[in-house]
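Chain A is the first sequence line, chain B the second, and so forth, proteins listed ahead of strands; every chain is numbered from 1. Atoms considered below: every heavy atom in the structure, side chains included; atoms not considered: hydrogens, waters and symmetry mates. What you see is a predicted model, and the numbers here were worked out from it, not measured in a lab.
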Amino acid sequence: MANRPELIAPPEIFYDDTEARKYTSSSRIIDIQAKLSERALELLALPGDGVPRLLLDIGCGSGLSGETLSENGHQWIGLDISQSMLNIALEREVEGDLLLGDMGQGLGLRPGVVDGAISISAVQWLCNADKASHEPRLRLKCLARGARAVFQIYPESVAQRELILGAAMRAGFAGGVVVDYPHSSKSRKEFLVLTCGPPSISSEAPKGKVGDMESCSDDESSGDEENRTVCISDRHRPRKKQKITKKGKGREWVLKKKEQMRRKGCAVPPDTKYTARKRKARF
Amino acid sequence: MRLLTHNMLSSNIKGVANGFPLLIEVEKVIEKQVDFNPDFLKNIFPKIEWQALVQASRSMGYSELPEESPESSMLDSDDFLMKFHHVLLELHLEEGALVCPETGRKFPVNKGIPNMLLHEDEV
């Protein structure tokens with residue numbers, strides 16, 4: 001996306017009926033959301049005993065991520081601020097319960113009741129406080145002991161990631177950032193994994209290399225993952241700049257150059273009406 | 001909205017000490033079939049506030065749930081589990097409202113979605 005949606009408008013306005021439908025009918029988005037949700041579910045490290053759990057989907061939108069939860073047999077409660085997105089979720093007859101609410105206002109759930117929480121591409125909306133009353137803090141008291149919250153985020157900058165991580169640490173969560181495909185600007189995905197209280201014996205830290213060293217493997221297809229605890233430094237990813245189109249060297253310049261080369265003694269094609277003619281852009 | 005969710009929801013209004021449970025004003029209830037899964041029920045049972053569930057089921061028109069909090073032995077009885085399953089997952093509040101027990105503030109429920117958005121002065 002050229003422009004980050006959260007810079008355009010607050011989510012309940014950005015995701016109106018048209019945008020909501022467009023978002024949900026894009027096969028690319030459906031595919032991405034499904035993959036991210038599967039990965040988040042994996043990172044939740046729920047005990048693999050086949051018992052369905054009660055999970056929370058923060059910023060559930062039109063239910064794309066929730067469907068992954070249902071497919072894995074879990075019950076879920078979804079929260080979103082956009083009525084349009086929730087309407088689409090109703091149309092798709094998602095199995096989870098939906099709540100219309102603002103994650104920045106507090107989740108409104110009793111403490112210790114959910115076994116895990118995921119959030120796909122939603123928490124970064126909190127970083128733009130649109131209302132004066134907003135103190136964007138995600139309050140996760142509803143997580144049971146040892147439960148995890150996994151947020152897939154697109155932080156706008158290092159500063160934003162630090163803001164999110166800092167807030168989580170101050171609130172008393174343990175955890176860190178898991179980065180998938182850290183070297184590919186296209187495939188790179190970040191998951192903030194937080195644990196509430198002491199982890200239960202059956203849960204383990206997400207797989208990956210522990211430590212501050214970035215492994216310099218260029219092999220993306222091997223699914224290179226890293227588990228960095230409280231990663232602060234970021235590889236400065238150069239943005240793909242547009243090729244700066246010069247004014248163009250023009251016919252005069254080309255003819256001059258050809259003359260120079262002839263004087264040098266190189267074999268130069270004769271000057272014709274076709275010399276330095278403007279070619280098609282793709283050429 | 002199922003009673004499973006209702007059992008977890010509490011009023012988030014600033015200054016409210018005990019926003020649970022939310023009272024239910026019923027306008028329309030529908031029943032949806034859900035697959036019976038005893039593992040899930042046994043797992044979620046310790047987290048459920050029993051009294052709140054019983055009250056809620058009564059306001060939705062179902063009175064077969066026993067009032068006293070069941071002991072763990074009752075969880076082995078299929079009969080009890082079926083009732084528990086029905087109340088928890090199959091009764092849906094489609095239209096109505098949830099009421100904060102302390103302030104009386106209503107959270108409307110439309111098409112099964114409760115609107116929990118707080119006004120500026122309630123945050």
Side-chain angles (χ1 to χ4, degrees), chain A residues 12 46-47 49-56 60 63 70 73-87 89-91 93-115 130-137 139 141-145 147, chain B residues 1-16 18-22 30 32-49 52-53 85 88-94 98 100 105 107-123:
Chain A
E12 66 269 32
L46 296 169
D49 51 10
V51 176
R53 293 305 205 284
L54 179 62
L55 303 173
L56 188 59
C60 62
S70 295
H74 299 295
Q75 298 287 347
W76 53 278
I77 300 175
L79 177 79
D80 202 88
I81 199 175
S82 161
Q83 182 70 61
S84 309
M85 288 290 250
L86 291 177
N87 287 341
L90 285 175
E91 269 177 43
E93 297 194 355
V94 295
E95 287 180 27
D97 266 351
L98 303 167
L99 298 173
L100 175 64
D102 186 341
M103 61 163 112
Q105 285 180 350
L107 298 170
L109 297 172
R110 275 194 291 127
V113 294
V114 303
D115 300 307
D130 298 300
K131 303 194 186 123
S133 61
H134 262 179
E135 228 194 284
R137 265 185 299 154
R139 281 154 260 174
K141 283 183 284 189
C142 53
L143 278 183
R145 273 189 125 212
Chain B
M1 182 200 62
R2 300 171 296 192
L3 289 184
L4 170 62
T5 306
H6 167 262
N7 204 267
M8 308 296 169
L9 277 175
S10 109
S11 165
N12 219 7
I13 303 174
K14 184 170 71 173
V16 166
N18 187 18
F20 179 84
L22 295 164
I30 58 175
K32 289 190 195 169
Q33 262 258 311
V34 175
D35 289 335
F36 179 68
N37 189 323
D39 286 328
F40 175 72
L41 298 171
K42 290 185 191 163
N43 186 267
I44 200 88
F45 177 75
K47 308 230 176 93
I48 301 279
E49 277 284 336
L53 187 65
H85 169 82
L88 207 60
L89 298 172
E90 292 184 336
L91 290 177
H92 283 257
L93 180 67
E94 268 301 287
L98 299 173
C100 170
R105 179 346 190 164
F107 297 97
V109 179
N110 290 311
K111 294 188 272 190
I113 304 182
N115 182 340
M116 309 298 293
L117 286 168
L118 300 174
H119 305 309
E120 299 281 331
D121 52 346
E122 291 171 324
V123 181

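- The contact between Ile113(B) and chain A is made by backbone and side chain atoms together, counting heavy-atom distances below 4.5 Å.
- Proximity of a side-chain donor or acceptor of Asp97(A) to a complementary backbone N or O of Arg2(B) within less than 3.5 Å is detected.
- In this structure, the portion of Ile48(B) lying under 4.5 Å from any heavy atom of chain A is its backbone and not its side chain.
- When heavy atoms are compared at a cutoff of 4.5 Å, Asn37(B) approaches chain A solely by way of its side chain, counted from C-beta outward.
- When heavy atoms are compared at a cutoff of 4.5 Å, Ile77(A) approaches chain B solely by way of its side chain, counted from C-beta outward.
- Comparing Val34(B), Leu4(B), Thr5(B), Asp39(B) by how many heavy-atom pairs each has under 4.5 Å with chain A, the most go to Thr5(B).
- For Glu49(B), the parts lying near chain A are the backbone and the side chain together; criterion is any non-hydrogen pair under 4.5 Å.
- The NE2 atom of His92(B) sits 10.0 Å away from atom CE of Met1(B), with the distance rounded to the nearest 0.5 Å.
- When each of Leu100(A), Val51(A), Leu79(A) is checked for heavy-atom pairs under 4.5 Å with chain B, Leu100(A) comes out on top.
- The nearest pair of heavy atoms linking Met116(B) to Leu9(B) is CE-CD2, 4.1 Å.
- Between the side chains of Asn87(A) and Glu91(A), no donor-acceptor pair of N or O atoms lies under 3.5 Å.
- In this structure, the separation between CD on Glu90(B) and CD1 on Ile30(B) is 12.0 Å, given to the nearest 0.5 Å.
- Proximity to chain A involves both the backbone and the side chain of Asn7(B), based on heavy atoms less than 4.5 angstrom apart.
- Minimum interatomic distance between Leu98(A) and Cys60(A) (heavy atoms only, all atoms of both residues): CD2-SG, 4.0 Å.
- Under a cut-off of 6.0 angstrom, the local environment of CG in Asp121(B) is crowded, with over 12 non-hydrogen atoms contributed by other residues, nucleotides or ligands.
- For the set Pro52(A), Gly73(A), Gly101(A), the entry with the most heavy-atom pairs within less than 4.5 Å of chain B is Pro52(A).
- Atom CE of Met85(A) is separated from atom CD of Gln83(A) by 12.5 Å, given to the nearest 0.5 angstrom.
- For Leu54(A), the parts lying under 4.5 angstrom from a heavy atom of chain B are both the backbone and the side chain.
- With chain A as the partner, the residue from Ser10(B), Gly19(B), Pro114(B) showing the most heavy-atom pairs under 4.5 Å is Pro114(B).
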